[in-house]
Amino acid sequence: MRYSKLFGKTIKNAPSDEVAVNAKLLTKAGFIRKEIAGVYNFLPLGLRVLNKISNIVREEMNAIGGQELELTTLQNKQSWEKTGRWSSFDVLFKAKSQLDIEYPLGPTHEEVIVPLAKQFVNSYKDLPLYVYQIQTKFRDEKRAQSGLLRGREFLMKDLYSFHTDEKDFEKYYEIAKKAYKKLFQRLGLDAIETQAGGGTFSKFSHEYQVVAEAGEDEIIYCPAFAKASVGKPGCHFSQNQEIAGVKENESCPICQKKLAKAKAIEVGNIFPLKTKFSETFGLTYKGKDGKENPVVMGCYGIGISRLMGTIAEVYNDEKGIIWPKSVAPYQVHLIMINDKGLRIKKRADEVYEKLQKAGIEVLYDDREDVSAGGKFADADLIGIPVRLVVSEKTGDKIEWKKRSEEKTEFLSEEELIRRLV
RNA sequence: CGGGGAUUAGCGCAGUUGGUAGCGCGCACGGUUCGGGACCGUGAGGUCGGCAGUUCAAAUCUGCCAUCCCCGACCA
């Protein structure tokens with residue numbers, strides 16, 4: 001992509017109505033633009049990040065048997081009345097048509113997926129079943145805030161699992177936990193699996209919490225947690241403050257270390273639905289014995305757009321964002337520093353073409369009327385992990401610099417491509 | 001939903017005895033620059049959030065409304 005043609009430019013001053021770090025940085029860098037409170041447009045750079053996050057989530061959901069589908073946003077009022085949530089779900093958007101018909105705007109999709117599953121699930125042979133979607137959700141938050149962290153319209157992945165019994169559900173619940181840990185790691189996030197209340201559905205649930213000052217939740221957790229990751233030993237104690245049976249500075253019930261308290265952003269949660277919805281809608285299956293039983297369900301959510309905001313909150317410095325490689329909008333940011341003639345420009349164009357041919361995603365700052373300093377500042381703000389420079393100084397080499405480091409090296413085209421492919 | 005603050009050019013802001021609006025950035029054009037947000041010159045860009053009121057005259061005073069932000073409550 002040539003920066004000169006990119007829709008969405010960087011700006012020096014963030015709009016004064018943005019206070020949250022993620023919203024400020026993402027707006028300045030040209031990733032998002034606010035439409036109304038809690039509702040953001042995703043510009044080309046922002047959409048690329050969103051898609052990268054979605055794809056990682058998608059891969060991990062597919063890996064645990066998830067089948068992707070897409071459910072409707074405009075939903076069925078009758079179904080919501082049936083579950084009682086038409087009146088009890090306090091953040092439900094209700095849209096009224098010209099014919100005075102009311103429609104819920106989907107904040108979650110149990111009311112859609114369960115009646116739908118009823119059309120296909122008849123026998124124990126149809127179970128277990130895992131379906132998910134990545135879709136825009138609507139929640140009429142009384143107060144939208146913190147940029148992408150709490151919006152009224154946001155992108156979310158929701159997976160629903162269907163089982164013959166509790167035991168099978170519990171097995172899958174553990175599988176989902178592992179997938180979640182792996183997925184957050186791939187996104188560069190240390191998401192702490194935290195015990196939380198079960199809301200109206202059950203006694204417990206698990207939230208995935210990323211420690212950050214901007215977080216709205218508070219967790220009491222074992223500091224040894226940070227070191228615990230997939231495949232590595234470590235303590236896994238963490239509870240949401242709301243339900244915590246222990247306090248800060250008390251000793252960890254598992255490993256006796258002193259517990260810490262921190263603000264955190266909830267980037268995902270998983271919880272049992274048991275038979276609440278299947279009973280309401282009559283979702284049953286016939287067992288081997290010929291008897292009808294209610295289907296046991298689980299629900300697994302991840303806030304995709306919230307993750308984008310979370311990553312911006314966690315990975316930044318005074319100059320801008322520092323995207324983890326896995327979600328960066330482009331692999332490299334190529335900068336051309338003008339000379340008097342068009343020699344450098346021509347050479348940089350060639351490098352750009354070669355990189356593209358090699359299948360490398362490159363954002364190419366080809367602007368002829370911007371100073372080197374201006375381009376460097378923009379590159380730092382946008383936060384692509386690798387910066388490349390072609391200038392008079394670089395000769396027949398190309399300068400390589402990581403966004404996260406000061407060190408620069410000079411590589412030949414071949415070395416460069418080898419390193420990136 | 002309660003409390004507080006804000007709204008003037010694309011963005012950041014200034015604008016008090018009330019006299020029909022200005023600065024910086026950005027943008028356009030010309031020129032000089034060219035490795036950490038360069039410089040000079042010229043220029044375009046505004047129903048001062050909306051509606052009503054007071055006044056000879058309103059960005060400025062009054063009322064109502066809208067929107068945005070923050071704190072709190074809320075957040076299956």
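Here is the naming used below: chain letters follow the sequence lines, and residue numbers restart at 1 for every chain. Both backbone and side-chain heavy atoms feed into the values below; hydrogens, waters and symmetry mates do not.
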Q. Would you say A:K157's side chain and A:I304's backbone share a donor-acceptor pair under 3.5 angstrom?
A. no
Q | Crowding at CG, A:L69 (>12 non-hydrogen neighbours, <6.0 Å) | A | yes
Q: In whole angstrom, give me the gap between the P atoms of B:A66 and B:A59.
A: 24 Å
(Q) Between B:G36 and B:G72, how far apart are the two P atoms, rounded to whole Å? (A) 44 Å
Q: Could you tell me the separation between the NZ atom of A:K142 and the P atom of B:C71, rounded to a whole number of Å?
A: 17 Å
Q) Base, sugar-phosphate, or nothing for A:V91, non-hydrogen atoms under 4.0 angstrom? A) nothing
Q. Any idea which of B:G12, B:G36, B:A73 is nearest the A:N13 side chain?
A. B:G12
Q: Output the distance between atom NZ (A:K12) and atom NZ (A:K28), rounded to the nearest 0.5 Å.
A: 10.5 Å
(Q) Measure CZ/A:R367 against P/B:U33 and give the value in whole Å, please. (A) 21 Å
(Q) Can you say whether a donor on the side chain of A:R139 sits under 3.5 Å from an acceptor on the base of B:C75, or the other way round? (A) no
**Q.** P atoms of B:C11 and B:G3, separation to the nearest Å
**A.** 30 Å
Q. If you check the A:E216 side chain, which of B:G36, B:C71, B:C75 turns out closest?
A. B:C75
Q. Expressed as a whole number of Å, how far does the P atom of B:C40 sit from that of B:C48?
A. 32 Å
**Q.** P-based separation of B:U32 from B:U7 [nearest Å]
**A.** 43 Å
(Q) Any base atoms under 4.0 Å from A:L92, or only sugar-phosphate, or nothing? Heavy atoms, all strands. (A) nothing
(Q) Could you tell me how far apart A:L342 (CG) and B:C34 (P) are, to the nearest whole angstrom? (A) 16 Å
Q: Can you establish whether the number of heavy atoms outside A:E216 located under 6.0 Å from its atom CD is more than 12?
A: yes
Q. Rounded to whole angstrom units, what separation is found between the NZ atom of A:K393 and the P atom of B:G35?
A. 8 Å
Q.
Using a heavy-atom cut-off of 4.0 Å across all strands, would you classify A:A372 as base, sugar-phosphate, or nothing?
A. sugar-phosphate
(Q) Under 4.0 Å, counting only non-hydrogen atoms across every strand here, what does A:S146 touch: a base, just sugar-phosphate, or nothing? (A) sugar-phosphate
**Q.** Polar side-chain atom of A:Y364 near backbone of A:V351 as donor-acceptor pair, under 3.5 Å
**A.** no
Q: I would like to know whether A:F281 and A:F277 meet ring pair (Phe, Tyr, Trp, His ring centres under 6.0 Å); could you show each step before the answer?
A: CA-CA 6 Å; A:F281 290 104; A:F277 290 95; 7.0 Å; no
Q. B:A38, B:G35, B:A76: which one has an atom nearest the side-chain heavy atoms of A:F376?
A. B:G35
Q | B:G35 pairs with, by Watson-Crick or G-U criteria that keep both distances under 3.5 Å | A | none
Q | Span that lies between the C1' atom of B:C64 and that of B:C70, in whole angstrom | A | 24 Å
Q: Starting from the 5' end of RNA chain B, give me the residue, A:D17 or A:N269, whose nearest nucleotide shows up first.
A: A:D17
Q | Side-chain heavy-atom pair A:D158, A:K137 within 4.5 angstrom cut-off | A | yes
**Q.** Candidate nucleotides B:C11, B:G26, B:G36, ranked by approach to the side chain of A:K12 - the nearest
**A.** B:G26
Q.
Taking only the P atom of each, what is the distance from B:C39 to B:G22 in whole angstrom?
A. 24 Å
Q) 5'-most contact on RNA chain B: A:K28 or A:E141, nearest heavy atom basis? A) A:K28
Q: Taking only the side-chain heavy atoms of A:D378 (C-beta and beyond), determine which of B:C71, B:C34, B:G37 contains the nearest atom.
A: B:G37
Q. Any idea which of B:A76, B:G36, B:G37 is nearest the A:R387 side chain?
A. B:G36
Q. Are A:Q145 and B:C68 close enough that a side-chain N or O sits under 4.0 Å from OP1 or OP2?
A. no
Q) So which nucleotide from B:G35, B:G37, B:A76 ends up closest to the side chain of A:V389? A) B:G35
Q) Watson-Crick or G-U wobble partner for B:A59, using a 3.5 Å limit on both distances? A) none
**Q.** side-chain N/O A:K34 vs B:C69 OP1/OP2, d < 4.0 Å
**A.** yes
Q) Can you tell me how far C1' of B:A76 sits from CZ of A:F138, to the nearest Å? A) 18 Å
Q) Which of these nucleotides, B:C69, B:G35, B:G12, is closest to any side-chain atom of A:S16? A) B:G12
Q: Please state whether the base of B:G35 and the side chain of A:E392 form at least one donor-acceptor pair under 3.5 Å?
A: no
Q) Among B:G36, B:C71, B:A76, which nucleotide sits nearest the side chain of A:D380? A) B:G36
Q.
Tell me the interatomic distance from A:R306, atom CZ, to B:C75, atom P, rounded to whole angstroms.
A. 14 Å
Q: Find the distance A:L388:CG to B:G35:P and express it as a whole number of Å.
A: 18 Å
(Q) Given 3.5 Å as the limit, does a donor-acceptor pair link the side chain of A:R33 with the main chain of A:T27, or not? (A) yes
Q | Rounded interatomic separation in angstrom, taking CD from A:E18 and P from B:C68 | A | 11 Å
Q | Base paired to B:C13 (Watson-Crick or G-U; both N/O distances under 3.5 angstrom) | A | B:G22
Q.
Can you tell me which nucleotide in B:C74, B:C70, B:G37 comes closest to the side chain of A:D90?
A. B:C74
Q | P-based separation of B:G19 from B:G37 [nearest Å] | A | 41 Å
**Q.** CD on A:Q75 to NZ on A:K94, rounded to 0.5 Å
**A.** 13.0 Å
(Q) Return the pairing partner of B:C68 with a 3.5 Å limit on both distances, Watson-Crick or G-U wobble; otherwise return none. (A) B:G5
Q) Now, which nucleotide makes the Watson-Crick or G-U wobble pair with B:C27, with each of the two distances under 3.5 Å? A) B:G43
